[in-house]
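Worth knowing before you read on, the calculation uses all heavy atoms, side chains too, and leaves out hydrogens, waters and symmetry mates. Treat the numbers as computed from the prediction; the structure is a model and nothing was measured.
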Amino acid sequence: MTSRAKPAICLMLGWVALLWLLEGVDVVTGGSLDTFGIQPREPAELVDVVPAAFLHFGFGHLAANTLPLLLLGFVAALRSGVQRLLAVVLLIILASGLGVWFTAAPDSNTAGASGVVFGLFGYLLVRGFIERKLLDIGIGLLVGVLYGSILWGALPTDSGISWQGHLFGLIGGVLAAFAFRERPRSALTGAGVGPVT
């Protein structure tokens with residue numbers, strides 16, 4: 001696990017730095033990147049499903065996502081490895097973005113990393129139970145205690161917040177925990193037994 005720590009830190013710090021850089025560009029250019037948000041049920045907007053997860057509507061919006069993204073992403077990368085985390089995040093982004101595209105209010109524009117935050121929360125919450133690993137069950141329970149209150153954000157309680165992105169991100173994270181679970185090696189392979197001739 002310690003061999004995963006440095007790549008996990010580098011990935012998450014680089015990711016967050018990219019988000020802040022993009023928001024800086026957006027502010028300097030008068031919000032030019034906001035057009036890459038997701039506008040629902042417009043076929044041309046499907047290409048924005050991935051970019052929208054890296055863009056925000058102001059530094060306040062980005063600041064609210066930064067710490068949970070950094071912490072949850074680091075823990076997920078530490079436990080799963082960077083390569084598997086990237087696959088998990090891609091599935092989360094697609095689930096969240098497509099969910100927004102299908103269900104968001106007309107004339108809305110949705111962007112931000114909060115769908116990924118909700119997805120990583122769901123992934124870490126259930127991963128240990130799926131893989132039957134005691135340490136990961138403990139991590140999932142701790143994540144649930146620390147961040148469980150964010151689940152209110154997956155409910156339609158505030159018209160100014162994309163609960164759709166949160167809800168479908170959460171679903172994407174749970175699906176990713178199943179889709180990318182570690183398969184146990186067979187007893188013969190693990191024992192180093194070769195083919196019988």
Requested in this report: Any pair with a residue in residues 33-46 that passes side chain to side chain donor-acceptor pair (under 3.5 Å), sequence neighbours left out, goes on the list, sorted by first then second residue, please.
Outcome: none
Report summary line: Quick note, side chain to side chain donor-acceptor pair (under 3.5 Å) partners involving residues 95-109, not counting sequence neighbours, are none
Atom of [X], atom of [Y] and distance for their closest heavy-atom approach:
{"X": "T29", "Y": "S32", "value": "OG1-OG, 2.5 Å"}
{"X": "I93", "Y": "V50", "value": "CG2-CA, 3.8 Å"}
{"X": "V174", "Y": "G122", "value": "CG2-O, 4.1 Å"}
{"X": "G172", "Y": "A95", "value": "CA-CB, 3.7 Å"}
{"X": "L85", "Y": "A77", "value": "CD2-CB, 3.5 Å"}
{"X": "G37", "Y": "D48", "value": "O-OD2, 3.5 Å"}

So, the side chain of [X] versus the backbone of [Y]: is there a donor-acceptor pair under 3.5 Å, distance only?
{"X": "E23", "Y": "L55", "result": "no"}
{"X": "S114", "Y": "V117", "result": "no"}
{"X": "E131", "Y": "E182", "result": "yes"}
{"X": "H166", "Y": "G115", "result": "no"}
{"X": "R181", "Y": "F178", "result": "yes"}

Can you check whether [X] reaches [Y] side chain to side chain, under 4.5 Å on heavy atoms?
{"X": "V75", "Y": "L124", "result": "yes"}
{"X": "F54", "Y": "W15", "result": "yes"}
{"X": "I150", "Y": "F118", "result": "yes"}
{"X": "S162", "Y": "V100", "result": "yes"}
{"X": "L69", "Y": "M12", "result": "yes"}

Using distance only, find each side-chain donor-acceptor pair of residues 134-141 under 3.5 Å and give its atom names and separation, not counting sequence neighbours.
from: D136; atom 1: OD1; to: R79; atom 2: NE; distance (Å): 2.6
from: D136; atom 1: OD1; to: R79; atom 2: NH2; distance (Å): 3.4
from: D136; atom 1: OD1; to: R127; atom 2: NH1; distance (Å): 2.9
from: D136; atom 1: OD2; to: R79; atom 2: NH2; distance (Å): 3.0
from: D136; atom 1: OD2; to: R127; atom 2: NH1; distance (Å): 2.9

Query raised in the report: What do you reckon, is CZ of F102 surrounded by more than 12 foreign heavy atoms closer than 6.0 Å?
Result: no
Query raised in the report: Would you find more than 12 non-hydrogen atoms of other residues, nucleotides or ligands less than 6.0 Å from F74 atom CZ?
Result: yes
Gap separating the [atom1] atom of [X] from the [atom2] atom of [Y], nearest 0.5 angstrom:
{"X": "I92", "Y": "I171", "atom1": "CD1", "atom2": "CD1", "answer": "12.0 Å"}
{"X": "L125", "Y": "L170", "atom1": "CG", "atom2": "CG", "answer": "8.0 Å"}
{"X": "L78", "Y": "L11", "atom1": "CG", "atom2": "CG", "answer": "12.0 Å"}
{"X": "Y147", "Y": "L142", "atom1": "OH", "atom2": "CG", "answer": "10.0 Å"}
{"X": "L67", "Y": "L72", "atom1": "CG", "atom2": "CG", "answer": "8.5 Å"}

Is there a path from [X] to [Y] through hydrophobic residues (I, L, V, M, F, W, Y) whose side chains come within less than 4.5 Å of each other?
{"X": "L18", "Y": "W20", "result": "yes"}
{"X": "L62", "Y": "F57", "result": "no"}
{"X": "I9", "Y": "L19", "result": "yes"}
{"X": "V88", "Y": "L86", "result": "yes"}
{"X": "F121", "Y": "W152", "result": "no"}

Requested in this report: Just say parallel, tilted or perpendicular for the rings of H56 and H61, cut-offs at 30° and 60°.
Outcome: perpendicular
